[in-house]
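What follows is a set of notes on a single structure, which appears directly below.
In this text the structure is predicted, and so the values were computed from the model without any measurement.
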Amino acid sequence: MMADPSVKTQKLKAGTIRRIGEFARPYKWQIIFFLITVIFDAVLVIATPLLLRRLIDGGVIPRDGALVTRLAIYVGLLAIGDSVMSVIGRWFSSRIGEGLIYDLRSVVFAHVQRQSIAFFTRAQTGALITRINSDVIGAQQAFTATLSGVVSNVVSLVLVLVTMLVLSWQITAISLVLLPLFLLPTKWVGKRLQSLTRESFQMNAEMSSTMTERFNVSGALLVALYGEPRREHEYFSSRARKVADIGISIALLNRLFFVALTSVAAVATAFAYGIGGHLAISGAVTVGTLLAITALLGRLYGPLTALSNVRVDVMTALVSFERVFEVLDLSPMVQNKVGASTLDSKNLKVEFRNVSFSYPRAEDVSLASLESAAKPETAQSGEVLSDISFTAAPGTMTAIVGPSGAGKTTISALIPRLYDVRSGKILVGGQDIRDVTLESLRGAIGVVMQDAHLFHETIAENLRYAKPDATEEEMRAACESARIWSLIETLPNGFETMVGERGHRLSGGEKQRLAIARLLLKSPSIVILDEATAHLDSENEALVHEALGIALKGRTSIVIAHRLSTVRDADQILVMQKGIIVERGTHEELVGAKGLYSELYARQDLTTASQEESSVDN
């Protein structure tokens with residue numbers, strides 16, 4: 001009754017049923033055996049009342065003790081058989097259900113992992129998790145709760161009605177007259193429950209969102225520094241109070257429905273006993289028949305209630321499948337070319353040839369149902385890079401500098417094919433990166449970002465993410481080279497120390513050096529540094545630069561830098577502005593050219609001098 005009736009109006013995409021069948025095919029025989037147990041259980045619904053009729057009419061009234069004993073044993077055996085079949089049915093049900101959940105979750109997770117970075121910049125994490133959790137479970141129920149419910153209720157209803165009509169059509173007809181009195185409260189209570197349930201789901205979602213935002217490290221810091229505990233408490237309590245009030249209303253409505261159901265059933269039973277009693281006195285029916293009909297009457301209204309909402313149940317399960325298929329049908333924007341070759345990862349040269357790029361449209365990389373925006377985007381990003389050409393020779397450092405928004409980070413994202421170029425080509429080791437496998441390309445590239453991400457796991461697990469089979473000696477050597485071992489060896493748990501969510505238990509410099517150690521374990525041929533020292537203090541910056549000196553040695557490196565003093569020794573410096581390369585050369589050449597680089601360097605030089613003078617004054 002709490003199901004949303006609006007699903008009945010939804011149109012399923014063509015082929016949805018066929019695709020559901022493909023997922024169910026591995027469980028074909030298990031589903032068949034499961035349905036056999038369901039039908040057997042439904043048949044037992046009429047078997048016991050009929051045995052009761054035989055026991056009264058053939059055993060109790062004629063005083064046949066042997067028959068009474070035999071029939072009582074049969075009733076007991078049926079009860080045991082019902083229990084056994086129930087256990088068997090539950091085993092099949094769990095095997096089918098959990099198997100489908102496993103299959104769907106595995107397929108969806110693997111497919112989402114293959115999506116491009118553009119997909120994750122738009123899709124809500126919560127919406128994706130819902131697809132893998134709630135929608136997958138909803139789809140699984142199509143083959144367990146919904147399928148078994150429909151089959152069981154249809155079989156039970158048909159058998160009960162036919163049996164009752166055969167036993168006494170008069171009592172059956174009079175009993176069914178009260179059916180509208182049963183359906184009216186069901187319909188009214190159902191509508192109220194649907195409305196309250198939707199409101200409850202919405203309020204619970206808001207509470208979950210509030211807790212998710214406040215309970216992560218960044219949110220907790222923001223609340224601690226800017227928030228007011230009283231205001232936060234009142235905000236959360238108001239929603240929790242509404243959820244509690246809705247829960248009370250739902251509980252009262254459920255009780256009201258139960259009272260209405262039992263009252264109508266009691267009245268119907270009273271009618272059956274009254275009319276049937278007179279028929280039994282007149283000899284039209286036997287006493288056993290009367291008792292059998294009243295027993296069957298109690299098993300009539302349950303299936304009727306369930307089947308009155310069967311369309312909603314079926315459509316809810318099918319829509320869950322469709323929402324899962326919607327994710328599976330979204331083709332990754334970046335994927336391996338058919339027949340892609342493996343990249344040779346030694347002495348790699350990076351070359352950009354007339355590369356132009358603009359970020360993809362939302363409809364090309366994501367699903368509207370996975371995004372949540374108050375106002376949809378109406379304008380596209382436009383061209384971010386225009387006719388970019390340069391070559392980074394093996395073992396050399398190429399620095400990319402320029403003002404914010406010039407396109408520096410976009411270049412770093414194009415090399416490992418996080419996005420594909422719109423025109424032109426990028427060559428690594430002389431091969432177009434679209435012609436080699438993503439695994440071999442990204443395996444040859446190591447990246448250290450401005451904000452190094454660490455998983456909420458141990459230091460060892462974060463390091464082994466780059467090399468799963470790394471030994472402790474290899475990890476120690478990488479950490480020594482990255483100038484982080486002196487910290488790790490002082491920790492009580494060493495490599496087994498938990499770094500906290502997003503690595504918040506470590507300082508910015510420590511996170512960066514751990515990220516460099518991870519890069520050294522990977523041992524890539526190409527290293528990309530994207531503002532790796534932008535937000536570090538002078539002491540940490542010196543340590544990180546010392547670590548980077550080891551990490552970059554003998555490797556082709558692309559360094560995106562905001563502080564120009566950090567790239568003075570680069571083999572070539574590319575100066576970008578508004579998506580184009582406006583200058584290129586060495587540090588001395590660019591300073592002497594008196595162009596944008598010289599202006600930026602002079603400005604930073606003045607700022608640094610001013611900061612040092614202020615430090616001396618202090």
More than 12 heavy atoms of other residues, nucleotides or ligands under 6.0 Å from OH of Tyr27: is that the case?
yes
For Phe109, does the CZ atom sit with more than 12 other heavy atoms under 6.0 Å from it, leaving out its own atoms?
no
Heavy-atom closest contact (Thr294 atom, Tyr273 atom, distance):
OG1-OH, 3.6 Å
Donor-acceptor side-chain pairing of Ser440 and Thr437 below 3.5 angstrom
yes
Step through the shown structure and confirm whether more than 12 heavy atoms of other residues, nucleotides or ligands are within 6.0 Å of CZ on Arg239.
yes
Roughly how far, to the nearest 0.5 Å, is CZ of Phe33 from CZ of Arg95?
13.0 Å
When you compare the side chain of Ile20 with that of Phe325, does any pair of heavy atoms fall below 4.5 Å?
yes
Run the salt-bridge test on Asp329 and Arg19 with the 4.0 Å N-O cut-off and return the result as yes or no.
yes
Answer yes if the side chains of Glu234 and Ser238 hold a donor-acceptor pair under 3.5 Å, and no otherwise.
no
One should read off an interatomic distance between Leu55 CG and Asp64 CG, to the nearest 0.5 angstrom, of 10.0 Å
Ile56 and Thr286: side-chain contact (heavy atoms from CB on, under 4.5 Å), yes or no, with the steps?
CA-CA 9 Å; Ile56 297 297; Thr286 65; over 6 Å; no
Taking the inter-plane angle between the rings of Phe321 and Phe23 on a 0 to 90° scale, is it parallel (under 30°), tilted (30 to 60°) or perpendicular (over 60°)?
tilted
Using 4.0 Å as the upper bound for N to carboxylate O, is an ion pair formed by Arg417 and Asp420?
yes
Hey, could you give me the CG/CD1 distance between Leu279 and Ile275, rounded to the nearest 0.5 Å?
7.0 Å
Within the distance-only criterion (no hydrogens, no angle test), does the side chain of His111 pair as donor or acceptor with the backbone N or O of Ser106 below 3.5 angstrom?
no
